[in-house]
Amino acid sequence: MKIKIIALGKIKEKFLKDGIDEFLKRLTPYASVTIQELTPIEIKDENLTDKILIEEGEKILSLIKPLDYVITLEINGKQFSSEEFASKIEDLTNDGTQEIVFIIGSSCGIGKNVSQRANLKMSMSKMTFLHQFARLILVEQIYRAFKIIKGETYHK
């Protein structure tokens with residue numbers, strides 16, 4: 001299984017980079033996981049937010065292949081337990097999905113054009129997290145999903 005995470009913005013804090021790198025390393029026996037960082041466009045005028053999100057969205061969409069299964073992280077998306085998330089990953093694998101693409105937008109969100117391309121809109125929680133934490137939480141949950149799928153002991 002190939003998994004690509006497209007994320008706007010760079011991770012600045014070392015402890016977050018270290019955590020992400022650790023889970024990427026742990027994931028190597030289960031899946032090929034890559035992270036593609038894009039530079040967000042600075043929003044100087046809030047009236048232009050939607051227009052800028054669409055521009056960022058065009059960059060994101062250019063990195064997605066037609067058969068990719070796209071999961072956007074959105075505030076109003078579907079919430080999963082870890083077991084449900086693992087089941088979704090397993091179903092996609094069994095259905096022959098070649099690549100799952102997760103999209104983490106900027107702190108302003110994602111453009112409507114990207115949201116419309118999504119096969120699944122997912123929310124991590126009703127709680128609000130620092131934007132950079134989303135990447136760490138996502139890679140940890142992907143790792144946890146594979147451990148659940150394989151019946152291995154990390155989960156408990």
Step through the shown structure and confirm whether more than 12 heavy atoms of other residues, nucleotides or ligands are within 6.0 Å of CG on N76.
no
For G57 against V114, the heavy-atom pair lying closest together
CA-CG2, 3.3 Å
Is there side-chain contact between I110 and I103, with heavy atoms separated by less than 4.5 Å?
yes
For the atom pair CD1 (I52) and CD (E46), what is the distance rounded to the nearest 0.5 Å?
10.5 Å
In plain terms, say whether E55 and K51 are close enough for a salt bridge, that is, a side-chain N and a carboxylate O under 4.0 Å apart.
yes
Side-chain donor or acceptor of D68 paired with backbone N/O of I100 under 3.5 Å:
no
Treating Ile, Leu, Val, Met, Phe, Trp and Tyr as nodes and any side-chain heavy-atom pair under 4.5 angstrom as an edge, say whether F80 and V70 lie in one connected cluster.
no
What are the two closest non-hydrogen atoms of L27 and V139, and how far apart are they?
CD1-O, 4.0 Å
Taking atom CG of L61 and atom CD of Q116, what is their separation to the nearest 0.5 Å?
9.5 Å
Assess the side chains of Q141 and S82: does a donor N or O sit below 3.5 Å from an acceptor N or O?
yes
Within-4.5 Å side-chain heavy-atom neighbours: I71 and N119
no
With a 4.5 Å limit on heavy-atom distance, are the side chains of K121 and L73 in contact?
no
Between T93 and I89 (side chain of the first, backbone of the second, donor and acceptor by atom type, cut-off under 3.5 Å), is there such a pair?
yes
Would L67 end up clustered with L92 when hydrophobic side chains under 4.5 Å apart are linked, directly or stepwise?
no
When R144, K147, R26 are each screened for salt bridge (Lys or Arg N to Asp or Glu O under 4.0 Å) with E152, the one that passes is K147
Closest approach of I54 and K112, non-hydrogen atoms and distance?
CD1-N, 3.8 Å
Same apolar cluster (I L V M F W Y, side chains within < 4.5 Å links), L38/L16:
no
Donor + acceptor pair across side chains of S123, E74 (<3.5 Å):
no
ILVMFWY network linking Y143 to M122, side-chain heavy atoms under 4.5 angstrom:
yes
Could you check if a side-chain atom of L120 sits within less than 4.5 angstrom of a side-chain atom of K88, using non-hydrogen atoms only?
yes
Between E22 and K25, is there a side-chain N and carboxylate O pair less than 4.0 Å apart?
yes
Does F133 belong to the same Ile/Leu/Val/Met/Phe/Trp/Tyr cluster as I35, with side-chain heavy atoms less than 4.5 Å apart forming each link?
yes
Just wondering, do E56 and P40 contact through their side chains at under 4.5 Å, heavy atoms?
yes
Taking the side chain as every heavy atom from C-beta outward, state whether Q98 and Y69 have any pair of such atoms under 4.5 Å apart.
no
Give every donor-acceptor pair under 3.5 Å between a side-chain atom in residues 1-13 and any protein atom, sequence neighbours left out.
{"residue": "K4", "atom": "NZ", "partner": "L63", "partner atom": "O", "Å": "2.7"}
{"residue": "K10", "atom": "NZ", "partner": "E37", "partner atom": "OE1", "Å": "3.4"}

Do F85 and I142 have side chains that approach each other closer than 4.5 Å (heavy atoms only, starting at C-beta)?
yes
Heavy-atom nearest pair, T72 first then A118, reads OG1-CB, 3.5 Å
Could you check whether atom CD1 of I75 has more than 12 heavy atoms from other residues, nucleotides or ligands sitting under 6.0 Å from it?
no
Please report the interatomic distance CD(E90) to CZ(F146), rounded to the nearest 0.5 Å.
10.0 Å
Any side-chain heavy atom of L53 within less than 4.5 Å of one from S106?
yes
Between CG on residue L130 and CG on residue L136, distance to nearest 0.5 Å
11.5 Å
NZ/K65 to CD/E99 distance, rounded to the nearest 0.5 angstrom?
3.5 Å
Axial cation check for F15 ring with K17, 6.0 Å and 45° limits:
no
Rounding to 0.5 Å, atoms CD1 (I137) and CD (Q132) come to a distance of 12.0 Å
